[in-house]
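Structure, as structure tokens:
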Protein chains: 2
Amino acid sequence: MSGPHWWRHRFRGCGYRLTFPRQAILELLSKTSKHLSAKEIYSAVHKIYPAIGLTTIYRTLDLLVQMGLLKKFDFGDGQSRYELASGIKKNHHHHLVCVKCGKIIDYDDFVKEEIELVKKVEEALSKKYNFEIKDHKIQFYGICSKCK
Amino acid sequence: MSGPHWWRHRFRGCGYRLTFPRQAILELLSKTSKHLSAKEIYSAVHKIYPAIGLTTIYRTLDLLVQMGLLKKFDFGDGQSRYELASGIKKNHHHHLVCVKCGKIIDYDDFVKEEIELVKKVEEALSKKYNFEIKDHKIQFYGICSKCK
DNA sequence: GTCTCTGCAAACGTTTTGCAGGCAA
DNA sequence: TTGCCTGCAAAACGTTTGCAGAGAC
């Protein structure tokens with residue numbers, strides 16, 4: 001579920017092209033466990049490909065989110081953050097956000113139970129509201145050990 | 001848990017003053033079940049108090065969130081949205097967001113089970129990461145009946 | 001009267017758009 | 001060769017800040 005070959009295939013399947021910026025962004029997010037912002041991604045890619053523009057970063061991120069390869073998050077710091085979607089090299093997890101310093105912890109405790117409940121809720125909501133549910137986000141907010 | 005009297009008391013307790021803009025914003029959010037943005041709140045308050053400035057709206061919303069009277073949400077439409085906190089005239093609920101038209105449905109199915117699981121997760125995370133957990137947000141994303 | 005609160009204007013940072021040129025297929 | 005993709009510049013947008021005056025207590 002990763003690497004240039006698979007990506008090319010995935011892009012072709014949607015009628016898109018595999019270009020250097022797209023590949024670079026996917027590779028970067030494959031290698032990190034952080035939740036990077038557009039600017040951080042720009043800085044990192046800029047180091048290996050100085051010709052890149054911020055606009056391309058934004059457009060590429062939108063595309064990858066739309067293709068289901070990335071997930072977009074808002075942790076309340078005024079900018080969107082991105083990570084590889086679950087299943088694409090990453091395990092299912094949720095986030096624990098420190099409201100003081102912005103630190104984010106990925107946790108996967110009780111994920112089994114969560115998934116079970118989420119399934120039940122999704123089924124009930126789909127029926128009750130005739131909604132086609134695609135995704136969910138669960139976040140906990142608090143104060144981390146350092147900030148206490 | 002509402003009304004000018006209770007509010008005044010609550011403000012005084014924190015060393016704040018109960019002013020017209022603060023009262024108007026609280027009253028507005030008490031009366032609606034919608035998830036209003038700063039601009040929408042501005043427009044609504046502006047009708048009964050044309051002297052109000054957008055700045056005041058933002059500052060007041062921040063204050064009310066910090067006091068625990070409001071909750072701030074991001075539904076992915078590029079602006080923050082606000083509603084009365086649970087317990088202040090509102091029942092505990094979560095959100096179902098249409099990614100096409102932005103429609104938001106408040107649901108409270110399985111809230112009992114959710115709260116139970118949330119408690120378990122909170123306990124586990126508090127211990128494991130030494131985190132003081134204050135809040136959580138759960139959102140489902142999908143496509144509503146009209147947009148299908 | 002004190003000190004908080006407010007409105008205005010301007011600034012700020014992130015994200016989006018228009019357009020001409022570049023490059024994958 | 002085609003037309004998707006890119007970079008630049010500029011604009012748009014939500015939000016924040018500085019400051020002088022107004023108003024709650």
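In this text the structure is predicted, and so the values were computed from the model without any measurement. Within every chain, numbering begins at 1; the chains are lettered A, B, ... in the order of the sequence lines, protein sequences first and strands thereafter. In what follows, every heavy atom counts, from backbone to side chain, and hydrogens, waters and symmetry copies are set aside.
- The CE atom of M67(B) sits 14 Å away from the C1' atom of dC5(C) (whole-angstrom rounding).
- Looking at residues 69-85 of chain A, you'll see G78(A), Q79(A), S80(A) sit with a heavy atom under 4.0 Å from some atom of DNA chain C.
- Of all nucleotides in DNA chain D, those with any atom nearer than 4.0 Å to a heavy atom of chain A start and finish, going 5' to 3', at dG3(D) to dA9(D).
- When heavy atoms are screened at a 4.0 angstrom cut-off, T19(A) is found touching the sugar-phosphate backbone but no base atom.
- R10(B) places a side-chain N or O within 3.5 Å of a backbone atom of M67(B) that can act as its donor or acceptor partner.
- For Y107(A), the side-chain hydrogen bond (donor to acceptor under 3.5 Å, both in side chains) partners at least two apart in sequence or on another chain are E114(A).
- Over its full length, the helix from dG1(C)-dC25(D) to dA25(C)-dT1(D) turns its helical axis through 40°, comparing axes from the five pairs at each end and rounding to 10°.
- Inter-residue side-chain proximity for D62(B) and Q66(B) is flagged as unmet; no heavy-atom pair is nearer than 4.5 Å.
- Atom P of nucleotide dT6(C) and atom CD1 of I57(B) are separated by 10 Å, given to the nearest angstrom.
- F131(A) has its side chain within reach of C98(B): a pair of non-hydrogen atoms, C-beta onward, lies under 4.5 Å apart.
- Proximity of residues 29-53 of chain A to DNA chain C (heavy atom under 4.0 angstrom from any strand atom) is restricted to A38(A), K39(A).
- Whole-Å rounding puts the L54(A) CG to dT17(C) C1' distance at 14 Å.
- Closest non-hydrogen pair, D106(B) versus Y129(A), comes out as O-OH, 3.9 Å.
- Rounded to whole angstrom, the span from the CZ atom of F20(A) across to the P atom of dA24(C) amounts to 11 Å.
- Salt bridge E83(B)/R81(B): absent, no basic N to carboxylate O contact under 4.0 Å.
- We find that CG of L18(B) is positioned 13 Å from C1' of dT4(C), with the value rounded to whole Å.
- One interatomic measurement links the two molecules: CZ of R8(B) to P of dC5(C), which rounds to 13 Å at whole-angstrom precision.
- Of the side-chain N and O atoms in R22(B), one or more sit less than 4.0 angstrom from OP1 or OP2 of dC5(C).
- The aromatic rings of H93(B) and H35(B) stand perpendicular to each other, their planes meeting at an angle above 60°, with 30° marking the opposite boundary.
- Between R59(B) and the phosphate of dG7(C), there is no side-chain N or O to OP1/OP2 separation shorter than 4.0 Å.
- The aromatic rings of Y16(B) and F11(B) lie perpendicular to each other, with more than 60° between the two planes, well past the 30° mark.
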Donor-acceptor pairs under 3.5 angstrom involving side-chain atoms of residues 44-53 of chain A: please list them, not counting sequence neighbours.
residue : atom : partner : partner atom : Å
H46(A)  : ND1  : P50(A)  : O            : 3.3

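- Residue-environment remark: NZ (K100(A)) stays at or below the threshold of 12 foreign heavy atoms within 6.0 Å.
- In this structure, the CG atom of L61(B) is 15 Å from the P atom of dC5(C), given to the nearest Å.
- A donor-acceptor contact shorter than 3.5 Å links the side chain of K137(B) to the backbone of K72(B).
- Side-chain contact between V97(A) and F73(A) is absent, with no heavy atoms from C-beta onward closer than 4.5 Å.
- The side chain to side chain contact (heavy atoms under 4.5 Å, CB included) test with L18(A) singles out one residue from Q23(A), H5(A), R12(A), and that residue is Q23(A).
- For K103(A), the NZ atom is loosely surrounded, since the number of other residues' heavy atoms within 6.0 Å does not exceed 12.
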